There are 2 protein chains.
Amino acid sequence: METGWHRSQSLGSAGLRLHVLLCSSLLLNALFIAQKFLRTSPPPTAPERLGDGLSWALQAAKEAEDVAAVDCSGHGSVFLDGVTGEYGRPGCECNSCFSGPDCSVRTPNCAADAQSGDPLFLEPYWMRHAAASTVVFSGWHRLSYITTDGHFNSVELDRQIRRLHRAVGNAVVDDKYLVFGTGSTHLINALVYALSPEGNAASPPASVVATVPYFAMYRSQTVMFDGREYRWDGTTAAWANNSSRNSTRDFIEFVISPNNPDSTLHKPVLTGSSAIVDHAYYWPHLTHIPAPADEDVMLFTTSKLSGHAGSRFGWALVRDEKVAKRAISYTEQSTVGTSRDTQLRVLKILEVILANLHGKEDIFAIGYDVMSSRWRRLNAVVSRSTRISLQKMPPQYCTYFNRIKEPSPSYAWVKCEWEEDDDCYETLLAAGIISLTGNVNEAGTRYTRLSLIKTQDDFDVLLERITEFVDAEKHGRAPAASSSM
Amino acid sequence: METGWHRSQSLGSAGLRLHVLLCSSLLLNALFIAQKFLRTSPPPTAPERLGDGLSWALQAAKEAEDVAAVDCSGHGSVFLDGVTGEYGRPGCECNSCFSGPDCSVRTPNCAADAQSGDPLFLEPYWMRHAAASTVVFSGWHRLSYITTDGHFNSVELDRQIRRLHRAVGNAVVDDKYLVFGTGSTHLINALVYALSPEGNAASPPASVVATVPYFAMYRSQTVMFDGREYRWDGTTAAWANNSSRNSTRDFIEFVISPNNPDSTLHKPVLTGSSAIVDHAYYWPHLTHIPAPADEDVMLFTTSKLSGHAGSRFGWALVRDEKVAKRAISYTEQSTVGTSRDTQLRVLKILEVILANLHGKEDIFAIGYDVMSSRWRRLNAVVSRSTRISLQKMPPQYCTYFNRIKEPSPSYAWVKCEWEEDDDCYETLLAAGIISLTGNVNEAGTRYTRLSLIKTQDDFDVLLERITEFVDAEKHGRAPAASSSM
């Protein structure tokens, strides 16, 4: 400025130039001030929008961002419907083994809870894709029972589900009917109903069966509903080579592939019977995809695809029109379809997944990296053990990634090898590890399931406890951690 | 400017003053520019918020407001998940009897569809309360199966439901367990299951019954599930004075009060049996409230409370712990609870309703004005008819409004009085009116139900057709409209 100042004194025509500069500068000030004024967004309750500002959606958007901005130390989250604390605002909900108002306190000697299949490993993905995956619901969104297909289902969601299967190559959809359910759980009995003989005393009830080890809910739900047209009839082993099966009785075989609990690919074992093939885990982050699945009746769910378990949304792909229509009428009679709110939210989630396929933010590539690294780290520890072993999973070619992949299973299927450990669940529990006993799927107490799809915190604590457990072997006793249980 | 220019020439120190002005002005510009720069909202994927602006929620909020801003001539709406038209954006979904890209074309001789109980009469209320009732869902909202009660239900939603019943005075909640369902429809069979003998060959199946005219889904759903522990056993008339009822057999009586179809208050008729009392319509906009309901097992739903039928949310209030726990285990086994997305949305809706009780925007006062005026206008027309009659509804005292109210029923229960009109549904259909025949609730074909809770457009067309129908009586023939059907 000093230099400029001397120059303006020495130059005669400086006044003019200064003045022009000043005037334009003042004009610029005025413009900025005016613009700043026009920028002010309208009051939240104003019905109409002004300029680029938001109107009625602003308040809720701020609420959502305020809640999301609360710091939970990376070990928890705040949600809009969280329990309101003393200040009337929801607080941090901490991951297991963390506590305190900001989830910063690590619980000492915390047991690792690896029991449930809560698919939280994808939470960081959705936080990274906040803008694209957010949905705003107006108060009047879809009040009606009736939505775009003239009944209870979204035409656009149907379209995106089919697009996704085609793009991923994990199921043939072109010759299938699509049935929506309140989670694939809702469709378990819907399909048993649809495949059972229509209620008449003439035909005997259908036998509902599965192969050990199987997903326990097939049995528990079938037994609970206890319809006259079907009955739970045990495991396929009893029927596979059984001539009595050549009767008038229908069989409905549940198959889950990849299998829950052991994560291997399965096929129906009873020939000439109806099969419900549950492909909840048949996505490229959780298994290799050898070919598109093309069974007559297939089940899928958002829970294991995108991690949206709480939304309760699943679907069935059904080849036969009559079976599909009976399953649809079941969902209409039992719940009048699925939540239209959830249908919109899932639509948005699938659009984000589709937009990123094969890109650097491919949910399957990112999910695969997480899950395969968890499996690798767990194996590295367990391979040092003579006391427990895991299912063997070789690398396999995946058509989606077009290469051979290391395994990335959702669950570790643990066998206790020492004779005295005849209840593997109890053995791990004594070491501060909560698992799901093989008893629930008739595999026996020698086996137990560890969930690998929960939060990173859950997995880290699990790996700690397993490491202590394996390290304790050489001392021929249960690990120190057990004393604190 | 001339003056200034001369002054700067004449005054020696003008250069200094100009310079100070210029500098401060330039500085101000620099500040504005800097501020403007900082103001620019971060790229949608940026995790953090700057200043008062929105970050990741902005894009979705704009999408929602853009869609809502589309003009459908007041005869339709655009929704985010609408079918995307040729321009890749969802278009207007028109009310019945309207068409065209902006729903401005009235369909000539359009039949009035008064068949379904689609509760769209409250849509204008939610449009008026846009800001308060909007909810923003982040992509990572409640991925988990587990929510705030440690299971599948929102603690805050439970609290608001109880607050609402206390504030309205339509149900005693303090000694009741709360069971969430995917619509109250989901809870029909959940409660039949919970009240039936636990599966064992010893005890005979429970008899599920209802009083004519009853809501048809009690029968159709019970028959569809066809569990071994219960069976549909007809109407109460067959059992009311029947000594055979003094057997070991349990009875489960469905009662809906106000009744669907005839909108009158009902009580159980079978003494000493379990009753499931459906209070879907027991809210002050649809009936008078003589006293808080206090039956052992009661059903409620958002569909008729707030109009959110598409969200699929309902709840049961259950006095007995064992019955409540069996019903809850049913909802867990059948669907793993209700959509957590819908639970958040319903929470917001109830908060808006509670905040406005007894104020000028009380949803019950506003809903009552709409429904009572529809009933009054329909009666004014039908009172001129000898051919059809409606249920008689006297004014009644309502504890919520603390005054005697004119009736505001959800349905008109029409009887055809002329001998030749032995199928009342067909008689009305010939006059361009689509109703729900009394056959479905065993009331016979002399009766048929007209829904009064749909859109204003639906009601206006209905009133037109009914007026033509009544005016045609004096000519002793069906109205002109019938020729165009």
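Since the structure is predicted, the reported quantities are computational estimates derived from the model, not experimental observations. Just so it is clear, the values below take in all heavy atoms, side chains as well, and ignore hydrogens, waters and symmetry mates. Per chain, numbering begins at 1; letters A, B, ... match sequence-line order.
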Contact part of [X] toward chain A, heavy-atom cut-off under 4.5 Å: side chain, backbone, both or neither?
X: B/Val83; answer: both
X: B/Leu344; answer: both
X: B/Glu351; answer: neither
X: B/Ile146; answer: both

>> I'd like to check the side-chain hydrogen bond (donor to acceptor under 3.5 Å, both in side chains) partners of B/Ser138; sequence neighbours left out, ordered by chain and number.
In response: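 side-chain hydrogen bond (donor to acceptor under 3.5 Å, both in side chains) check on B/Ser138 returns nothing, list empty.
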> In chain order, what residues pass the side-chain hydrogen bond (donor to acceptor under 3.5 Å, both in side chains) check against B/Asn189, with sequence neighbours excluded?
Replying inline: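 Per chain and number, B/Asn189 pairs via side-chain hydrogen bond (donor to acceptor under 3.5 Å, both in side chains) with B/Tyr230, B/Tyr330.
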Is the gap between the ring centers of [X] and [Y] under 6.0 Å?
X: A/Trp140; Y: A/Trp56; value: yes
X: A/Phe152; Y: A/Tyr145; value: no
X: B/Phe313; Y: B/His308; value: no

> If you look at every heavy atom in A/Val135 and A/Arg345, which pair is closest and at what distance?
Replying inline: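 For A/Val135 and A/Arg345, the tightest heavy-atom pair comes out as CG2-CA, 4.2 Å.
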> For A/Gln221, is it the side chain, the backbone, both, or neither that has a heavy atom closer than 4.5 Å to a heavy atom of chain B?
Replying inline: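 Both parts, backbone and side chain.
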>> Can you tell me which of A/Gln343, A/Met217, A/Arg159, A/Arg228 forms the most heavy-atom pairs within a distance under 4.5 Å of chain B?
In response: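 So the answer, after comparing A/Gln343, A/Met217, A/Arg159, A/Arg228, is A/Arg228.
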> Picking from B/Ile349, B/Thr84, B/Asp149, B/Ile188, which has the most non-hydrogen pairs under 4.5 angstrom with chain A?
Replying inline: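 Among the listed options, the one with the most contacts to chain A is B/Thr84.
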